Amino acid sequence: QVQLVESGGGLVQAGDSLRLSCAASGRTLSIYKMGWFRQGPGKGREFVAAINYGGASTHYADSVKGRFTVSRDNAKNSVYLQMNVLKPEDTAVYYCAASFDSSTLYYTTTAYNYWGQGTQVTVSS
């Protein structure tokens, strides 16, 4: 099994930056890709970004492309989401997810096996 713990959320103003962290433990060698999702008030869980460990490729939702960057640190078994130029519409609970699936799917929640507890990001106007 894999355990995921997110951190780094908080309350910021529009235009500010935050870096979210996701620490993985357990069977980390089995992780093929990791993703970030978010869920705002009254909304479903939305894809934000993903990084594929096998191919070292990254993917982003159009709404965050150019502002957010996903990265990894293998030595620390961690992935990060650097969020710049934050907007009020970025307000959501952000979840880290890990997948044992080697397929190219990355944007759907069904592609991931394990989830963190989420961290709240609130962006004021």
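In this text the structure is predicted, and so the values were computed from the model without any measurement.
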Please report the shortest heavy-atom distance between [X] and [Y], naming the atom on each side.
| X | Y | value |
| --- | --- | --- |
| A24 | L4 | CB-CD2, 3.6 Å |
| S17 | N84 | OG-OD1, 2.9 Å |
| T91 | P41 | O-CD, 4.3 Å |
| Q117 | V5 | OE1-CA, 3.7 Å |

Determine yes or no for a side-chain-to-main-chain donor-acceptor pair under 3.5 angstrom, with [X] supplying the side chain and [Y] the backbone.
| X | Y | result |
| --- | --- | --- |
| S99 | M34 | no |
| R67 | V85 | yes |
| N77 | S25 | no |
| K33 | Y106 | no |
| S78 | K76 | yes |
| Y60 | V70 | yes |
| E6 | T119 | no |

Distance in Å, [X] [atom1] paired with [Y] [atom2], rounded so as to fall on 0.5 Å steps:
| X | Y | atom1 | atom2 | result |
| --- | --- | --- | --- | --- |
| T69 | L81 | OG1 | CG | 8.0 Å |
| R19 | S7 | CZ | OG | 8.5 Å |
| N113 | S30 | CG | OG | 10.0 Å |
| L29 | Y32 | CG | OH | 13.5 Å |
| L20 | Y80 | CG | OH | 12.0 Å |
| H59 | N52 | NE2 | CG | 6.0 Å |

_In the structure I gave you, are the side-chain heavy atoms of R38 and F47 within less than 4.5 Å of one another anywhere?_
no
_Measuring only between side-chain heavy atoms, which start at C-beta, is V2 closer than 4.5 Å to I31?_
yes
*What about the rings of F68 and W36, do their centers lie closer together than 6.0 Å?*
no
*Would the F37 and Y112 ring centres measure less than 6.0 Å apart?*
yes
*Decide if atom CD of Q3 counts as having more than 12 heavy atoms of other residues, nucleotides or ligands within a radius under 6.0 Å.*
yes
*Look at atom CD of Q1 and say whether more than 12 heavy atoms of other residues, nucleotides or ligands are closer to it than 6.0 Å.*
no
*Go through I51 and S57 one step at a time and tell me if the side-chain contact (heavy atoms from CB on, under 4.5 Å) criterion holds.*
CA-CA 6 Å; I51 183 166; S57 60; over 6 Å; no
*For the side chain to side chain contact (heavy atoms under 4.5 Å, CB included) test, which of V121, V12, D16 pairs with M83?*
V121
*Carefully, step by step, assess Q39 and Y94 under the rule side-chain contact (heavy atoms from CB on, under 4.5 Å).*
CA-CA 7 Å; Q39 187 165 8; Y94 283 72; over 6 Å; no
*Flag the pair K87 and D90 as a salt bridge only when some basic side-chain nitrogen lies within less than 4.0 angstrom of an acidic carboxylate oxygen.*
no
*asked:* For the residue pair R45 and Y95, would you count it as a cation-pi contact if the rule is NZ or CZ under 6.0 angstrom from the ring centre and within 45 degrees of the ring axis?
replied: yes
*asked:* Quick check on the hydrophobic clustering: are V93 and Y114 connected, directly or via other members, by side-chain heavy-atom contacts under 4.5 Å?
replied: no
